[in-house]
**Student:** 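Please see the structure below; I have some questions.
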There are 2 protein chains.
Amino acid sequence: MKKLVALLLLISALSFNAPVYRADEGMWTFDNPPLKHWKKRYHFEPTAAWLENVRLASVRLNDGGSGGFVSPDGLLVTNQHVASGQLQKVSTKTKDYTKDGFYAPTNAEELKCPDLECNVLVSYENVTERVQSAVTSGATDKQASAQRKAVMAQIEKESTQQTGLKSDVISFYSGGEYWLYRHKKYTDIRLVFAAEEQIAFFGGDYDNFTYPRYDLDVAFFRAYENDRPARTPHYFKWSATGPVDGEFVLASGSPGSTARLLTVAQLAYQREVGNPLQKQVWTARLNALQEYAKGGEEQARQAGAGIRSFNNSLKRLVGQQEGLLNPRMFAKKEAEEQALKDELAKKPDLQKLYAPAWQSIAAAYAQLPAMANRLAFSTLAASRLGDIAAKLVRYAEEMQKPNEQRYDEFRDSRLESFKFAVLSPAPIYPQMEEVLLTAWLAEGLKTLGANDPFIKAALQGATPAEAARRAIQGTQLAEVKARKALLEGGADAIAKSTDPLIVMARNVEPIIRELRAWNEEKILNVEASAGEKLAKARFAVYGKSVPPDANFNLRLSYGRVLGYEEDTTLVPFKTTFYGLYDRAESFNEKPPYDLPERYRAGRTKLALATPLNFVYSADTIGGNSGSPVINRNAELVGLNFDSNIQKLSNRYWYIEEEEGSRAVAVHSAGILEALRQLYHTPALVKELMGR
Amino acid sequence: MKKLVALLLLISALSFNAPVYRADEGMWTFDNPPLKHWKKRYHFEPTAAWLENVRLASVRLNDGGSGGFVSPDGLLVTNQHVASGQLQKVSTKTKDYTKDGFYAPTNAEELKCPDLECNVLVSYENVTERVQSAVTSGATDKQASAQRKAVMAQIEKESTQQTGLKSDVISFYSGGEYWLYRHKKYTDIRLVFAAEEQIAFFGGDYDNFTYPRYDLDVAFFRAYENDRPARTPHYFKWSATGPVDGEFVLASGSPGSTARLLTVAQLAYQREVGNPLQKQVWTARLNALQEYAKGGEEQARQAGAGIRSFNNSLKRLVGQQEGLLNPRMFAKKEAEEQALKDELAKKPDLQKLYAPAWQSIAAAYAQLPAMANRLAFSTLAASRLGDIAAKLVRYAEEMQKPNEQRYDEFRDSRLESFKFAVLSPAPIYPQMEEVLLTAWLAEGLKTLGANDPFIKAALQGATPAEAARRAIQGTQLAEVKARKALLEGGADAIAKSTDPLIVMARNVEPIIRELRAWNEEKILNVEASAGEKLAKARFAVYGKSVPPDANFNLRLSYGRVLGYEEDTTLVPFKTTFYGLYDRAESFNEKPPYDLPERYRAGRTKLALATPLNFVYSADTIGGNSGSPVINRNAELVGLNFDSNIQKLSNRYWYIEEEEGSRAVAVHSAGILEALRQLYHTPALVKELMGR
């Protein structure tokens with residue numbers, strides 16, 4: 001169906017005003033917010049203190065989402081779906097907090113999360129010059145990479161020693177800039193409240209990435225320090241009324257990954273090889289989980305969070321790939337690249353320096369398809385135990401090297417977080433692990449063939465089912481203390497271990513390392529060098545008017561609360577509790593449109609006209625889930641939790657507001673109404689509202 | 001946006017059952033219902049008595065819609081939008097029943113409609129052989145047309161004399177069949193109830209042709225005979241519960257016009273010339289009405305029904321044209337035609353007889369573009385007074401001819417209905433008439449040029465504004481008695497009239513007649529002869545497995561109450577009052593999403609989960625508005641009032657159920673709930689429900 005735009009223009013006698021502004025691109029770093037643009041278009045001029053407060057109130061949840069402090073006592077809000085991994089981990093066969101939700105009326109009843117780390121961006125520093133100048137003139141890509149790595153490790157170490165903060169040097173603009181980011185880290189995070197998944201994810205995978213929407217996708221955690229609620233003087237005040245139609249809002253969160261600065265060669269690779277392969281990988285893992293979930297209610301509970309996550313990833317991936325397959329959209333990227341090339345051609349000195357980068361990348365990527373399947377399938381990470389085993393083996397080997405020569409994830413600055421994850425006491429379900437590992441090895445065998453080095457090393461002549469059974473049934477790694485012993489035992493303990501999963505991990509490790517070396521040398525190092533050149537070319541032509549690609553670090557997005565046109569009609573800027581009941585009743589509550597009993601019984605208590613969800617025009621992507629949506633007073637008016645389907649391909653490009661592309665948020669008033677009337681959480685409400 | 005069908009298939013673990021049946025094509029005549037198909041697919045085997053009861057309970061409203069008797073005392077239900085023309089005509093400056101709705105608690109308070117005629121199909125008879133055999137061998141198309149006309153007039157006359165019923169010989173299958181239809185006619189129709197337009201047309205033109213929908217598009221009339229409620233023993237019982245998900249239902253109504261049997265040449269003409277021209281015509285008329293409506297509240301009231309109607313027509317036209325412009329869809333029609341040609345090629349004798357018909361039509365249509373503007377703009381019918389004047393002038397001339405030589409609309413069998421319409425006491429608004437006629441003549445002048453014969457005859461050297469002012473301000477035709485005098489005065493009275501509008505009509509009449517003669521000779525007669533051949537070719541190849549194109553006569557459509565997929569999600573089979581309030585609140589009641597005060601004040605009285613609208617998969621089109629939607633017990637479970645946007649191009653082809661094409665109906669339970677809780681109409685409810 002196409003929009004009958006011509007007709008709507010024709011018959012414009014109705015009283016709606018068409019939007020006149022253009023939407024606003026960009027997930028901006030805090031060092032370079034679009035202040036001029038905000039001032040001009042929205043008369044918004046935040047002070048430095050405003051920006052600092054927002055930054056310090058914003059939280060990255062390392063499970064893959066965002067959140068924000070909403071009280072001075074460490075209370076932080078995020079989506080139920082961001083919390084779902086932890087919910088799954090604190091649930092048991094008899095207490096299913098995913099299904100039933102959770103509320104702790106007192107601090108004492110809050111549930112400690114086994115392995116949730118949260119980060120707050122405390123400070124940042126531009127270290128581009130120091131990193132780039134460490135590369136000696138005439139260095140090969142490989143040498144340059146080693147030189148950059150060494151200086152980055154050095155900077156991180158200095159910072160950690162000076163500040164005690166988690167310090168990472170991060171590349172922006174494909175290596176055009178390097179920044180030292182210092183995060184305050186919280187690892188004692190406790191669950192305060194979670195909505196039932198049935199209402200947090202009302203409409204299930206069908207309604208995921210759609211709007212109008214009626215989801216109370218909300219959870220509250222509390223950060224602790226020294227076994228006491230953390231002092232968090234920077235927090236977002238909760239808005240009881242939420243945003244009005246057309247209001248300027250911002251989302252402060254950690255978008256995971258965009259790929260808008262990729263070259264056409266890189267995009268073509270994604271379209272032809274990368275995305276289809278990713279789809280195969282996720283589909284294989286999803287299928288295994290779904291198969292396992294069929295075993296019974298408890299199996300379904302164990303597999304639930306994973307299934308939801310893969311369904312979500314696949315739906316997004318399909319949408320992104322549809323975007324790449326759209327010739328009109330792809331042609332835009334080609335035109336964009338050509339425009340930069342044309343501009344560069346006007347500056348011969350720069351052209352000579354930078355233009356070869358496109359060819360370098362294209363040449364590198366030409367080698368990738370032949371290796372892509374091996375790179376994708378040569379891993380044990382599809383099983384959590386397999387992943388732990390591989391990490392222990394790798395850790396032991398890496399720790400024998402000096403800091404600056406290690407794989408990135410084993411640099412000193414990252415070891416605490418690494419250990420926190422590997423030693424997580426979260427429950428492990430060996431039967432599920434076995435199913436997952438079996439399916440994974442089977443898919444690898446099917447794809448790579450029996451003579452593939454990884455397959456041979458992993459299976460040692462057995463079938464995938466036999467190999468997985470032997471490794472998982474025989475391993476001790478489900479026990480934290482076994483992991484701890486191996487972690488502390490070093491290379492010697494690993495070498496001597498007879499744990500069958502460690503043995504499997506040891507067997508495949510040389511192949512994984514070889515592939516990683518190939519990938520670094522042939523692809524990543526080239527990308528790093530060429531990416532820096534292209535970034536410099538862009539800076540030379542366009543300045544810093546374009547934000548860098550998202551990389552799961554803190555960004556500010558912004559836009560307006562705004563409905564849109566779809567087909568010939570209007571989609572409203574918000575939904576209400578009325579709509580929740582309409583959709584449930586319209587399907588006769590057939591799942592996934594059934595309601596939690598609390599909502600069925602409590603409907604007469606609710607003010608049904610209270611807004612539940614709303615849409616706004618900010619540029620967001622996965623990772624922004626749980627981002628506080630705030631007004632110009634830095635009050636929390638909503639909680640980002642999704643995008644509509646018009647926005648699905650925004651990984652590769654910004655999609656105009658006029659195309660109906662919108663972020664979807666839970667409305668702050670809707671959360672409050674549900675907490676008050678349905679969940680009876682006076683302490684939580686009082687902490688949020690001060691009364 | 002495309003459907004992520006592949007993904008949905010992939011992740012089919014959710015508990016919805018995908019529809020397994022294919023939807024069901026066809027608006028079937030009562031002589032040839034798809035009994036075998038119903039039996040096989042739906043285990044539905046109606047008796048002859050069932051079919052007769054449904055036919056006799058079904059009502060055609062000659063304002064352009066359908067309805068059904070719902071009590072033995074002449075009570076009939078239809079849409080508010082079908083009633084809107086009459087509502088406008090019985091309203092005044094101080095009593096606006098369109099805006100405020102209407103209810104007559106007693107028969108005495110019912111409001112007589114000025115010019116609504118309703119027809120019930122009492123009997124029908126196949127007269128194909130008699131009509132076709134009247135054409136002598138070797139007759140030219142023109143001769144054949146005259147011969148057919150003569151025999152049709154004869155058949156109608158005989159039938160009228162025998163039965164006293166309104167008798168019409170009607171062509172089906174482009175002349176493949178001729179049927180004598182006898183209708184019982186009701187001309188004393190009184191208004192019993194109408195919902196406020198704001199709720200009948202909630203969401204206005206934006207939501208028109210969309211779903212989910214929340215419209216109480218309902219009105220009740222009562223047929224009278226001899227000043228007493230008509231006895232209507234055949235009527236639909238009102239279902240208090242309405243249909244369930246997946247239920248087999250039928251719609252009995254009078255779809256206006258489809259064009260599915262057109263040749264590719266005819267379709268191409270519509271695409272290139274016909275539809276764009278139609279759009280120009282309607283847009284010009286709409287613009288004039290909208291301009292007039294800006295004059296004030298009373299002007300807006302006068303123009304309201306017309307504006308709504310043109311908006312509706314234009315939205316549908318744009319959708320139809322988009323269908324024709326879709327290369328994939330158009331290619332299907334080409335393939336269909338080619339398939340018939342190929343089949344015919346296997347039967348050389350038939351091929352010789354019928355295949356030249358395609359070429360005849362193509363040759364005829366090749367002449368049409370050059371004449372199309374003249375044919376479209378050479379008329380005074382854009383103004384109601386202009387239309388009356390033209391009809392009076394034409395009537396006087398035609399009545400001098402013998403019955404069988406007159407224009408179709410002046411055949412004896414049709415004169416009663418003609419006079420009923422021309423002598424309607426409905427109010428006329430001369431200022432609006434002047435605006436409409438001015439705009440129309442101006443558009444004609446712009447399109448045809450100052451030297452065009454019609455324009456010269458109409459304007460007589462004046463400007464459009466001057467000519468229209470003189471004609472409208474000077475005419476007496478707003479008075480019924482002036483029309484009656486001219487009607488009864490015959491050719492002499494017309495010839496002598498100095499009424500300036502009659503003078504204008506007299507001046508243009510020869511040009512209109514000349515164009516009509518051209519059109520009949522060059523196009524219509526060729527179509528009639530060639531159409532008959534193509535119909536016979538189709539019958540020879542496919543039998544009568546395909547229903548004839550709709551022609552505003554009674555048909556049965558059927559299908560299932562059934563939601564559908566849109567983008568990646570599900571659209572439910574029904575909506576509820578909850579959804580009405582959600583949509584109103586979601587737009588903060590900004591028009592056209594504002595609620596009548598009755599709904600605002602009465603929301604706590606309603607059982608909000610009561611279904612309001614639903615969708616079903618039957619094949620319907622404009623004219624089906626107000627069709628009773630019935631279950632297999634012939635109980636009324638809904639009232640058809642619209643189609644969704646997926647169905648908009650179904651004028652040219654049947655759109656598969658799988659494409660999400662649906663008819664939209666008001667739910668019988670929703671109507672009942674509103675009547676009981678909001679409108680307080682105990683007498684009406686009692687008449688419907690027997691209690």
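None of these values were measured; they are calculated from a predicted model. So that the names make sense, note that chain A is the first sequence line, chain B the second, and so on, each numbered from 1.
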**Student:** Which pair of non-hydrogen atoms, one from B:N588 and one from A:K574, has the smallest distance, and what is that distance?
**Tutor:** OD1-NZ, 2.7 Å
**Student:** Under the criterion side chain to side chain contact (heavy atoms under 4.5 Å, CB included), I'd like the reasoning laid out for A:Y578 against B:R603: C-alpha separation, chi angles, the key distance, then a yes or no.
**Tutor:** CA-CA 11 Å; A:Y578 277 122; B:R603 67 174 76 183; 2.8 Å; yes
**Student:** Using non-hydrogen atoms and a 4.5 Å limit, figure out which bit of A:L608 sits close to chain B: side chain, backbone, both or neither.
**Tutor:**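 The answer is the side chain of A:L608.
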**Student:** Below 4.5 Å from any heavy atom of chain A, which atoms of B:L580 appear? Answer side chain, backbone, both or neither.
**Tutor:**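 Neither the backbone nor the side chain of B:L580 comes within 4.5 Å of chain A.
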**Student:** Go through B:D567 and A:T210 one step at a time and tell me if the side chain to side chain contact (heavy atoms under 4.5 Å, CB included) criterion holds.
**Tutor:** CA-CA 8 Å; B:D567 298 326; A:T210 74; 5.8 Å; no
**Student:** For A:F310, which atoms come within 4.5 Å of any heavy atom of chain B: side chain, backbone, both, or neither?
**Tutor:**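 It is neither, since no heavy atom gets under 4.5 Å.
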**Student:** Does CD belonging to B:E297 count more than 12 external heavy atoms closer than 6.0 Å?
**Tutor:**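 No, because the 6.0 Å sphere around CD of B:E297 holds 12 heavy atoms or fewer from other groups.
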**Student:** What part of B:T575 gets closer than 4.5 Å to chain A, counting heavy atoms only: side chain, backbone, both or neither?
**Tutor:** both
**Student:** Rounded to the nearest 0.5 Å, what's the gap from OH on B:Y581 to OG1 on A:T576? Could you check?
**Tutor:**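 With rounding to 0.5 Å, OH (B:Y581) is 12.0 Å from OG1 (A:T576).
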**Student:** Do any N or O atoms from the side chain of A:T569 and from the backbone of B:Y206 form a donor-acceptor pair under 3.5 angstrom?
**Tutor:** yes
**Student:** Just by distance, do the side chain of B:S586 and the backbone of A:P572 share a donor-acceptor pair under 3.5 Å?
**Tutor:** no
**Student:** Ignoring hydrogens, what is the shortest heavy-atom contact between A:L570 and B:R583? Give both atom names and the distance.
**Tutor:** O-NH2, 2.8 Å
**Student:** Determine, step by step, whether A:D245 and B:K590 satisfy the side chain to side chain contact (heavy atoms under 4.5 Å, CB included) criterion, reporting the C-alpha distance in whole Å, the side-chain angles of both residues, the deciding distance to 0.1 Å, and the verdict.
**Tutor:** CA-CA 11 Å; A:D245 195 6; B:K590 197 190 271 194; 4.2 Å; yes
**Student:** Which atoms form the tightest heavy-atom contact between B:D582 and A:Y214, and what is the distance?
**Tutor:** OD2-OH, 3.4 Å
